[in-house]
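FYI, side chains are in, hydrogens and waters are out, and symmetry mates aren't considered; it's all heavy atoms of this structure. Chain A is the first sequence line, chain B the second, and so forth, proteins listed ahead of strands; every chain is numbered from 1. Since we're looking at a predicted model, the values are computed, not measured.
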There are 2 protein chains.
Amino acid sequence: MTQTLPDPAHNHKLCISQALTTAEQLCGARGVQLTPIRHQVLELIWASHKAVKAYELLDLLKPLQHAAKPVTVYRALDFLIEQGLIHRVESLNAFVGCRCSDKQHEQLLLICKHCQEVEERYAPEVMSALSEEINKAGFTVHSKAIEIQGVCTACRHLPLPQSNGQTT
Amino acid sequence: MTQTLPDPAHNHKLCISQALTTAEQLCGARGVQLTPIRHQVLELIWASHKAVKAYELLDLLKPLQHAAKPVTVYRALDFLIEQGLIHRVESLNAFVGCRCSDKQHEQLLLICKHCQEVEERYAPEVMSALSEEINKAGFTVHSKAIEIQGVCTACRHLPLPQSNGQTT
DNA sequence: AGGCAATTGTTATAATATAACATGCTTACT
DNA sequence: AGTAAGCATGTTATATTATAACAATTGCCT
């Protein structure tokens with residue numbers, strides 16, 4: 001497990017508390033329940049900007065919820081995804097907090113192979129080009145996943161921890 | 001398992017044989033071995049334009065290769081992905097033939113929830129907008145996955161087999 | 001022949017995810 | 001109050017996806 005350099009310009013405690021506050025407000029406004037379990041799972045996901053695996057979350061959740069089982073975590077994750085509070089990172093089978101829950105969140109995820117951090121970007125130009133292409137194809141969209149694997153700025157000069165070879 | 005309407009303008013036998021011929025030529029040119037197992041797996045994947053699961057492939061492969069085990073299939077899949085002959089569909093944990101092995105294949109996959117067919121599109125406008133965005137972020141790309149879930153033209157007027165609710 | 005690399009065989013197990021049914025808790029209606 | 005309905009959670013079991021570790025085989029090179 002590689003440790004990231006904390007971005008000095010980034011107050012992560014604030015980052016977490018904002019995410020949680022927003023989530024609480026959204027759920028309140030929508031009349032859905034951000035129960036203790038769901039809140040804890042969300043908080044655990046927001047503990048970093050890395051993508052977190054379901055079973056990692058389970059291990060982290062167990063001390064807080066003695067009865068926690070895989071299903072417990074997956075149910076919470078399902079809820080959080082439905083509410084747009086987290087993203088599922090398809091290419092990693094992992095999960096990451098979503099910063100854009102109140103807007104139309106068109107996710108473009110930059111996934112660093114070195115530090116596992118995931119940066120979410122808006123990229124309206126990409127999205128409009130994409131929408132146009134999809135319309136051309138006569139396709140009706142339900143969801144989009146754009147996932148870019150590579151190395152982030154911070155890790156650019158570091159060696160990869162272990163390569164998985166794939167270059168597309 | 002929903003059955004698709006065969007596209008009348010599409011000679012799939014030709015489609016398969018072209019894909020296999022191309023694959024053979026490419027492997028020959030690259031000095032890598034498209035062994036019987038690998039060839040069979042590729043052919044099984046090309047049997048449709050649907051995304052196929054590894055264990056489905058295993059079941060299909062067993063009659064042809066008595067000793068086939070999960071590893072057998074995954075090794076063949078790894079090879080085919082490395083050679084750019086198939087795509088891994090991350091959002092389905094499944095695999096689909098790649099039509100663009102000789103070019104730089106930047107995949108944009110349109111995945112129909114109804115018929116499971118996957119359409120691959122080039123979309124250079126999308127890709128250039130995407131590259132620009134990635135450069136802006138100072139990110140070094142290793143691989144890209146753009147996967148759009150929805151309903152294709154052919155299935156537009158049919159009811160969904162079963163919804164999985166997620167809308168992003 | 002001997003050695004090396006690549007492929008495949010074999011066994012076992014890890015990692016990811018869901019099914020099915022039971023329990024408890026709130027609300028809302030009568 | 002009684003009870004039905006909806007929801008979240010508990011509990012047990014199992015399905016699905018993927019890899020590790022080591023042995024055997026094959027083809028090729030010298």
Side-chain angles (χ1 to χ4, degrees), chain A residues 1 23-24 27-28 30-42 44-45 51-62 64-83 85-96 116 162-166, chain B residues 1 23 27-28 30-42 44-45 51-83 85-96 116 162-166:
Chain A
M1 197 59 64
E24 289 155 12
C27 290
R30 290 173 184 169
V32 296
Q33 303 178 51
L34 191 59
T35 61
I37 290 180
R38 291 166 177 177
H39 193 280
Q40 285 163 351
V41 170
L42 183 57
L44 290 170
I45 289 174
V52 194
K53 301 258 178 184
Y55 279 72
E56 287 172 25
L57 287 170
L58 178 56
D59 289 340
L60 297 167
L61 184 62
K62 271 178 179 164
L64 310 175
Q65 294 286 340
H66 182 64
K69 299 274 183 314
V71 176
T72 316
V73 171
Y74 281 105
R75 282 171 179 158
L77 291 170
D78 286 347
F79 171 86
L80 296 170
I81 288 170
E82 266 171 30
Q83 297 303 321
L85 300 171
I86 62 172
H87 293 300
R88 183 182 159 82
V89 184
E90 301 289 356
S91 52
L92 297 178
N93 295 330
F95 306 85
V96 73
Q116 287 81 52
Q162 76 289 328
S163 169
N164 66 11
Q166 191 174 334
Chain B
M1 198 59 63
C27 290
R30 291 172 184 170
V32 297
Q33 303 178 51
L34 190 60
T35 61
I37 290 179
R38 292 166 176 176
H39 193 280
Q40 286 163 351
V41 169
L42 183 58
L44 290 170
I45 290 174
V52 194
K53 302 259 179 181
Y55 279 72
E56 287 173 25
L57 286 170
L58 178 56
D59 289 340
L60 296 168
L61 183 62
K62 271 178 180 164
L64 311 174
Q65 293 287 341
H66 182 63
K69 299 274 184 315
V71 175
T72 317
V73 171
Y74 281 105
R75 282 171 179 158
L77 291 170
D78 286 346
F79 171 86
L80 296 169
I81 288 169
E82 266 171 30
Q83 297 303 321
L85 300 171
I86 62 172
H87 293 300
R88 182 182 159 84
V89 184
E90 301 289 357
S91 52
L92 297 178
N93 296 330
F95 306 86
V96 73
Q116 286 83 52
Q162 76 287 330
S163 171
N164 66 10
Q166 191 174 334

Under 3.5 Å between N/O atoms: give me all the protein pairs with nucleotides 8-12 of chain C, atom names plus distance.
{"residue": "C/dT8", "atom": "OP1", "partner": "B/Thr35", "partner atom": "OG1", "Å": "2.6"}
{"residue": "C/dG9", "atom": "N7", "partner": "B/Arg75", "partner atom": "NH1", "Å": "2.9"}
{"residue": "C/dG9", "atom": "O6", "partner": "B/Arg75", "partner atom": "NH2", "Å": "2.5"}

**Request:** To the nearest 0.5 Å, tell me how far B/Ile81 CD1 sits from B/Tyr74 OH.
**Result:** 10.5 Å
**A/Gln33 side chain near D/dC7 phosphate (N/O to OP1/OP2, under 4.0 Å)** = no
**Asked** So, do A/Phe79 and A/Val32 sit near enough that their side-chain heavy atoms are less than 4.5 Å apart?
**Response** yes
**Request:** Could you check how far CZ of B/Arg88 sits from C1' of D/dA18, rounded to whole Å?
**Result:** 9 Å
**Request:** Could you grab the distance from atom CG of B/Asp78 to atom CZ of B/Arg88, nearest 0.5 Å is fine?
**Result:** 9.5 Å
**Asked** Between the base of D/dA15 and the side chain of B/Tyr55, is there any donor-acceptor pair under 3.5 Å?
**Response** no
**Prompt:** Please walk me through it: do B/Leu80 and B/Leu34 pass side-chain contact (heavy atoms from CB on, under 4.5 Å)?
**Reply:** CA-CA 9 Å; B/Leu80 296 169; B/Leu34 190 60; 4.2 Å; yes
**Message:** For the CD atom of A/Glu56 and the CD1 atom of A/Ile45, what is their distance to the nearest 0.5 Å?
**Reply:** 11.0 Å
**Asked** Given atom NZ of B/Lys53 and atom P of C/dT16, what is their separation to the nearest angstrom?
**Response** 15 Å
**Request:** Could you state the atom-to-atom distance from CG of B/Leu80 to P of C/dT7 in whole Å?
**Result:** 12 Å
**Request:** Let me know the distance between OH of A/Tyr74 and P of D/dA15, rounded to the nearest Å.
**Result:** 17 Å
**Prompt:** Looking only at side-chain N and O atoms, does A/Asn93 come under 4.0 Å of OP1 or OP2 in C/dA15?
**Reply:** no
**Complete:** side chain to side chain contact (heavy atoms under 4.5 Å, CB included) test vs B/Val41 passes for just one of B/Leu77, B/Thr72, B/Ile86, namely B/Leu77
**Item:** A/Leu44 side chain near A/Val52 side chain, heavy-atom distance below 4.5 Å
**Value:** no
**Prompt:** Rounded to the Å, how far apart are A/Ile81 CD1 and C/dA17 C1'?
**Reply:** 12 Å
**Prompt:** When the distance from CG of A/Leu58 to P of D/dG10 is rounded to whole Å, what number comes out?
**Reply:** 12 Å
**Message:** Expressed as a whole number of angstroms, how long is the span from B/Asp78:CG to C/dA6:C1'?
**Reply:** 15 Å
**Complete:** Separation of D/dA8 atom C1' from A/Phe79 atom CZ, nearest Å, is 11 Å
